[in-house]
Amino acid sequence: MNKFNDVRYKMLNSDSHLPIRSHHINYLRRSNFVILFFGFALGFFFAILMEFSPSTMTFKSNDAFTFKHSDPHFGRELNDASGPTADVGFHEPYDNTHKYENGTVASQLYKDVRVLCWIMTNPKNHKKKAIHVKKTWGKRCNKLLFMSSTVDPELESVALPVKEGRNNLWAKTKEAFKYIYDHHLDEIDWVLKADDDTYVVVENLRYMLYPYASSQPIYFGCRFKPYVKQGYMSGGAGYVLSKQALIRFVEEGLTDKTKCRQDADGAEDVEIGKCLENVHVLAGDSRDSHGRGRFFPFVPEHHLIPGHVDKNFWYYKYIYYEAKEGMDCCSDNAISFHYVSPNQMYVLEYLIYHLRPYGLVQFDQPLPKKISLSEISEEAHKNATNLNESNTNDNEKL
Ligand SMILES: *[C@@H]1O[C@H](CO)[C@@H](O)[C@H](O)[C@H]1NC(C)=O
Ligand SMILES: *[C@@H]1O[C@H](CO)[C@@H](O)[C@H](O)[C@H]1NC(C)=O
Ligand SMILES: *[C@@H]1O[C@H](CO)[C@@H](O)[C@H](O)[C@H]1NC(C)=O
């Protein structure tokens with residue numbers, strides 16, 4: 001794996017319609033300027049080549065960045081992925097395992113931890129992607145909204161007053177949160193933003209949020225470390241704001257140019273990260289008690305298979321906490337995965353909600369203790385110090 005391939009890969013990534021955002025390049029440029037210069041020339045050349053070979057989204061080389069549709073790393077790879085056109089149907093409640101399931105706790109959390117999910121989509125993706133979110137995990141949110149620029153009766157999408165395109169994602173994000181603040185504030189405790197290729201296990205989201213109060217100014221997601229002192233949350237993995245965080249964002253942030261970027265442009269996830277820090281919203285730690293992550297910016301395969309991507313891949317430089325590989329990567333109560341194709345949404349749906357090994361019975365799990373704001377701040381301080389130490393080690397390894 002040579003560094004030129006690495007850079008070339010990043011250049012190609014910058015062309016995606018949603019995440020693998022161009023700010024990934026800016027951050028890396030600082031640390032690797034000379035290599036980037038040569039890489040730019042090479043990357044440009046390959047980018048042009050790619051334009052003339054639309055059917056090959058993986059390119060023939062022996063480097064580690066030869067990806068396939070089963071493990072996409074940029075939005076363009078999913079452009080030609082299609083979902084089922086026929087009705088997939090559902091399992092009846094009298095199916096074998098479901099009659100032995102006890103959903104009492106999940107039902108209780110549905111009432112106690114009310115989550116509004118909003119999906120970033122656009123008219124081109126309504127039928128291709130967004131509809132499959134609605135038919136799979138989206139139905140488990142207390143309220144589901146598709147944020148677009150046109151109304152689609154099947155999706156019941158919201159037509160926000162924004163232009164489409166990558167340069168308007170930040171504008172759309174601001175409008176979406178403002179719309180929710182204006183129309184749904186009383187119905188919710190938490191607001192989750194996800195893309196139309198994100199898959200979310202909503203029960204696990206409620207379980208992670210349960211110890212916190214929605215009156216605490218906090219938000220969670222897959223935490224990245226550049227650009228913002230306390231880090232920011234990956235846009236593709238999805239992030240969730242407490243009601244208090246939403247209120248501060250809209251009331252204190254949106255109209256104050258010293259706190260939040262006022263124009264349409266900018267990387268949506270970085271901009272909201274900066275803005276939330278400026279209005280004193282904490283970046284929370286969403287890992288489980290084993291330190292395993294719960295929000296993921298790629299599909300499970302990416303995180304599960306060791307050595308599957310090179311350590312120079314931007315993700316390892318961005319991730320705030322140590323990124324473990326293999327079975328230890330991911331919490332048993334994982335919440336989200338990104339770059340999930342429409343078909344894969346149904347695969348995950350089946351694996352998570354239906355397939356059960358016979359004879360393994362789950363007992364009720366105890367709910368975690370509630371946590372106070374001062375406890376969160378102390379923990380966060382401790383964790384920040386630990387991070388500093390573990391970072392030094394990581395840099396030596398690279
Ligand atoms: C289901 O779980 C609830 C909550 O723990 C418990 O009170 C109830 O007895 C359980 N129901 C069955 C049928 O086991
Ligand atoms: C700090 O880290 C521990 C595990 O190392 C985790 O359980 C806890 O939630 C973290 N807290 C914060 C606020 O970052
Ligand atoms: C972080 O590490 C640097 C040295 O690598 C040290 O000077 C600094 O005091 C550390 N900060 C914290 C908060 O531990």
Side-chain angles (χ1 to χ4, degrees), residues 18-19 83 106-107 109-122 125-126 129-148 151-152 154-160 169 172-210 212 214 218-222 233-247 249-250 268-269 272 276 284 286 294-297 333-340 342 344-346 348-349 352-353:
L18 270 178
S107 306
L109 289 196
Y110 181 91
K111 292 188 201 121
D112 293 348
V113 186
R114 296 170 304 168
V115 180
L116 181 149
C117 309
W118 76 264
I119 312 299
M120 174 86 85
T121 189
N122 60 63
N125 276 357
H126 287 178
K129 291 182 178 173
I131 192 66
H132 304 295
V133 169
K134 185 170 181 173
K135 288 181 175 170
T136 58
W137 67 268
K139 62 190 177 213
R140 302 190 180 95
C141 302
N142 295 72
K143 179 91 194 163
L144 177 65
L145 294 174
F146 291 91
M147 297 300 189
S148 185
V151 176
D152 180 315
E154 196 182 3
L155 278 184
E156 301 169 277
S157 56
V158 177
L160 295 172
L169 286 181
K172 198 191 260 185
T173 303
K174 288 186 284 187
E175 289 295 337
F177 281 113
K178 182 154 185 313
Y179 179 92
I180 291 159
Y181 174 90
D182 287 341
H183 295 93
H184 299 285
L185 196 60
D186 293 340
E187 301 159 46
I188 59 158
D189 302 309
W190 300 85
V191 186
L192 172 83
K193 176 263 162 178
D195 285 342
D196 53 16
D197 54 358
T198 313
Y199 187 95
V200 178
V201 185
V202 184
E203 290 84 352
N204 289 345
L205 174 63
R206 293 198 183 96
Y207 172 52
M208 188 219 77
L209 293 174
Y210 179 82
Y212 304 91
S214 63
I218 193 163
Y219 81 122
F220 298 92
C222 173
M233 307 302 170
S234 147
Y239 48 83
V240 61
L241 276 64
S242 70
K243 183 176 187 161
Q244 180 63 23
L246 172 68
I247 291 171
F249 177 60
V250 173
E268 149 251 342
D269 47 7
I272 196 169
L276 289 172
S286 61
R294 299 201 242 210
F295 288 82
F296 295 98
N333 298 110
I335 292 170
S336 72
F337 294 98
H338 186 219
Y339 293 132
V340 176
Q344 284 299 320
M345 296 230 168
Y346 294 90
L348 287 178
E349 191 79 1
I352 295 169
Y353 290 96

Please walk me through it: do Ile180 and Met147 pass side-chain contact (heavy atoms from CB on, under 4.5 Å)?
CA-CA 10 Å; Ile180 291 159; Met147 297 300 189; 4.0 Å; yes
Between Glu187 and His183, which heavy-atom pair has the shortest distance, and what is it?
OE2-O, 3.5 Å
Test of understanding: with side-chain contact (heavy atoms from CB on, under 4.5 Å), list the residues that count as partners of Ile352, not counting sequence neighbours.
Tyr199, Val201, Leu348
List the atom of Val133, the atom of Ile119, and the distance in Å for their closest heavy-atom pair.
CG1-CD1, 3.9 Å
Measure the shortest side-chain to side-chain distance between Leu276 and Met233 over non-hydrogen atoms and say whether it is less than 4.5 angstrom.
no
Shortest non-hydrogen contact from Val340 to Gln344?
CG1-CB, 3.7 Å
The criterion is side-chain contact (heavy atoms from CB on, under 4.5 Å); which residues satisfy it with Lys174, sequence neighbours excluded?
Trp170, Phe249, Leu254
Is there side-chain contact between Tyr179 and Trp118, with heavy atoms separated by less than 4.5 Å?
no
Quick check for you: to the nearest 0.5 Å, what is the distance between Arg206 atom CZ and Leu192 atom CG?
10.5 Å
Leu116 pairs by side-chain contact (heavy atoms from CB on, under 4.5 Å) with which of Leu145, Asp189, Asn142?
Leu145
Heavy-atom side-chain proximity of Ile335 to Met208 below 4.5 angstrom:
yes
Can you find a pair of side-chain heavy atoms, one from Lys135 and one from Tyr346, that are under 4.5 Å apart?
yes
Is it the case that the side chain of Ser234 and the backbone of Cys222 share a donor-acceptor pair, with hydrogens and angles ignored and the cut-off at 3.5 Å?
no
Carboxylate-amine/guanidinium proximity below 4.0 Å for Asp195 and Lys193
yes
Tell me, please, which residues at least two apart from Glu175 pass salt bridge (charged side-chain N to carboxylate O under 4.0 Å, His left out).
none
Met120 vs Thr173, side-chain contact (heavy atoms from CB on, under 4.5 Å): CA-CA, chis, key distance, verdict:
CA-CA 8 Å; Met120 174 86 85; Thr173 303; 3.3 Å; yes
Contacts of type ring pair (Phe, Tyr, Trp, His ring centres under 6.0 Å), residue Tyr239, not counting sequence neighbours
none
Is there side-chain contact between Trp190 and Ile218, with heavy atoms separated by less than 4.5 Å?
yes
Should Glu154 and Ile131 be marked as a side-chain contact (heavy atoms from CB on, under 4.5 Å) after you check the CA-CA gap, both sets of side-chain angles, and the distance that decides it?
CA-CA 8 Å; Glu154 196 182 3; Ile131 192 66; 3.6 Å; yes
Single hit among Val200, Val202, Ile188 for side-chain contact (heavy atoms from CB on, under 4.5 Å) with Cys141
Val202
Can you sort out the partners of Glu156 under salt bridge (charged side-chain N to carboxylate O under 4.0 Å, His left out), two or more places apart, ordered by chain and number?
Lys134
So do the side chains of Leu205 and Phe295 get within less than 4.5 Å of each other, counting heavy atoms only?
yes
N/O donor-acceptor pair under 3.5 Å between Lys243 side chain and Leu185 backbone:
yes
Measuring only between side-chain heavy atoms, which start at C-beta, is Glu203 closer than 4.5 Å to Tyr353?
yes
When rounded to the nearest 0.5 Å, the distance separating OG1 of Thr121 from NZ of Lys172 is 6.5 Å
For residues Gly235 and Glu268, report the shortest heavy-atom separation together with the two atoms involved.
CA-OE2, 4.0 Å
Within this structure, what is the OG-CZ distance for the pair Ser336 and Phe296, rounded to the nearest 0.5 Å?
8.0 Å
Suppose we screen for salt bridge (charged side-chain N to carboxylate O under 4.0 Å, His left out). Which residues come up paired with Lys143, at least two apart in sequence or across chains?
none
Indicate yes or no: at least one non-hydrogen side-chain atom of Tyr181 is less than 4.5 angstrom from one of Val191.
no
Hey, what do you get for CG (Asp112) to CG (Leu209), rounding to the nearest 0.5 Å?
12.0 Å
Got a donor-acceptor contact below 3.5 angstrom from the Thr198 side chain to the Gly236 backbone?
yes
Minimum heavy-atom separation for His132 and Gly83, please, with both atom names.
NE2-CA, 3.6 Å
